[in-house]
Amino acid sequence: MITLKGTNIYLRALEPEDLEFVYKIENDESIWEVSNTNTPYSKFLIRQYLENAHQDIYEAKQLRLAVCLLKTGKTIGLIDLFEFDPTNNRAGIGIVIQHEVHRGKGYGKEALGLLIDYSFNQLQLHQLFANIGVDNVSSLNLFATFGFQKIGIKKDWNRIHNAYVDEVLFQLINHQ
């Protein structure tokens, strides 16, 4: 089981007990545009997903971890590696902190730093990429803090509320 510990948060593998939390996040329409979700998920599908969450990243081609507060153990978000490509040593990375009350406190920054370090030092990845909507200023700033470079704009990439919006492609190369 993966547990990555920071100063204020830790990242851990998903457990069956995370069903309600994952269900709420996956079905929160206010964050669908950042997660590229457009239909609700049933508890049945999420339960099946959690039952297979034990697969390692080489099998599943993704890794989803819960972001938890160190003091209380409360789960406040999810952070993912997706589209894991071991041949080219790269993966996408994304994060969501569930409630406004937990945003802007550095938890996302700490979680992202832990997963970047894990990706480069444990998985030996050469690069990470992130897809971020041009209007998501807080995420653009967060990823830029870690040296992610804007390498392109995908024009009219996502349809949100009957309008097409651009998406930024960010990349971070591991130069170690």
Side-chain angles (χ1 to χ4, degrees), residues 2 4 6 9 11 14 22 25-41 45 49 53 55-67 76-100 102-176:
I2 296 173
L4 305 172
I9 59 100
L11 308 178
L14 293 176
V22 175
I25 281 196
E26 294 293 356
N27 290 292
D28 182 349
E29 291 182 51
S30 71
I31 58 174
W32 278 6
E33 59 191 64
V34 298
S35 64
N36 287 324
T37 301
N38 52 23
T39 59
Y41 285 91
L45 285 176
Y49 171 77
Q55 293 179 321
D56 81 6
I57 192 167
Y58 291 91
E59 280 181 272
K61 303 300 183 212
Q62 71 174 26
L63 173 67
R64 175 171 272 189
L65 301 172
V67 179
I76 62 168
L78 298 170
I79 189 164
D80 300 350
L81 291 177
F82 58 91
E83 295 180 26
F84 175 67
D85 179 350
T87 301
N88 295 299
N89 292 322
R90 67 174 167 243
I93 190 168
I95 184 170
V96 62
I97 301 296
Q98 185 183 27
H99 292 296
E100 292 289 331
H102 297 298
R103 295 181 190 154
K105 297 187 177 188
Y107 301 139
K109 182 177 181 180
E110 192 172 343
L112 187 59
L114 288 170
L115 195 54
I116 290 169
D117 182 65
Y118 176 79
S119 298
F120 288 163
N121 295 314
Q122 297 298 315
L123 296 176
Q124 300 295 306
L125 294 183
H126 175 64
Q127 61 182 289
L128 293 169
F129 66 89
N131 304 300
I132 304 170
V134 293
D135 295 334
N136 191 343
V137 176
S138 59
S139 287
L140 293 170
N141 290 336
L142 173 62
F143 281 79
T145 298
F146 287 96
F148 277 80
Q149 300 292 310
K150 180 170 89 172
I151 60 166
I153 300 281
K154 298 183 260 183
K155 295 290 188 184
D156 290 347
W157 198 254
N158 296 310
R159 184 174 175 206
I160 299 172
H161 307 296
N162 293 321
Y164 289 94
V165 295
D166 298 347
E167 186 173 85
V168 177
L169 176 57
F170 264 18
Q171 182 182 45
L172 180 64
I173 303 281
N174 181 6
H175 291 291
Q176 295 176 333

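Here, residue 1 is the first one in the sequence, and each next residue gets the next number.
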Which atom of G133 lies closest to which atom of L140, heavy atoms considered: O-CD1, 4.0 Å
Applying ring pair (Phe, Tyr, Trp, His ring centres under 6.0 Å) to F143 and not counting sequence neighbours gives F148
Suppose we screen for salt bridge (charged side-chain N to carboxylate O under 4.0 Å, His left out). Which residues come up paired with K150, at least two apart in sequence or across chains? none
According to salt bridge (charged side-chain N to carboxylate O under 4.0 Å, His left out), who are the partners of D117, at least two apart in sequence or on a separate chain? none
Side-chain heavy atoms of V165 within contact of W157, under 4.5 Å: no
Test of understanding: with salt bridge (charged side-chain N to carboxylate O under 4.0 Å, His left out), list the residues that count as partners of R64, not counting sequence neighbours. E26, D80
Got a second to check how far I76's CD1 is from K105's NZ, nearest 0.5 Å? 9.0 Å
Heavy-atom closest pair, residues I25 and G77: CD1-CA, 4.4 Å
Of all heavy-atom pairs linking N88 and H126, the shortest is O-CB, 4.5 Å
Test of understanding: with ring pair (Phe, Tyr, Trp, His ring centres under 6.0 Å), list the residues that count as partners of F84, not counting sequence neighbours. Y58
How far apart are the C-alpha atoms of K109 and T145, what are their side-chain angles, what is the distance that settles it, and do they pass the side-chain contact (heavy atoms from CB on, under 4.5 Å) test? CA-CA 9 Å; K109 182 177 181 180; T145 298; 3.6 Å; yes
Once salt bridge (charged side-chain N to carboxylate O under 4.0 Å, His left out) is applied, do any residues pair with D166, and if so which ones, sequence neighbours excluded? K155
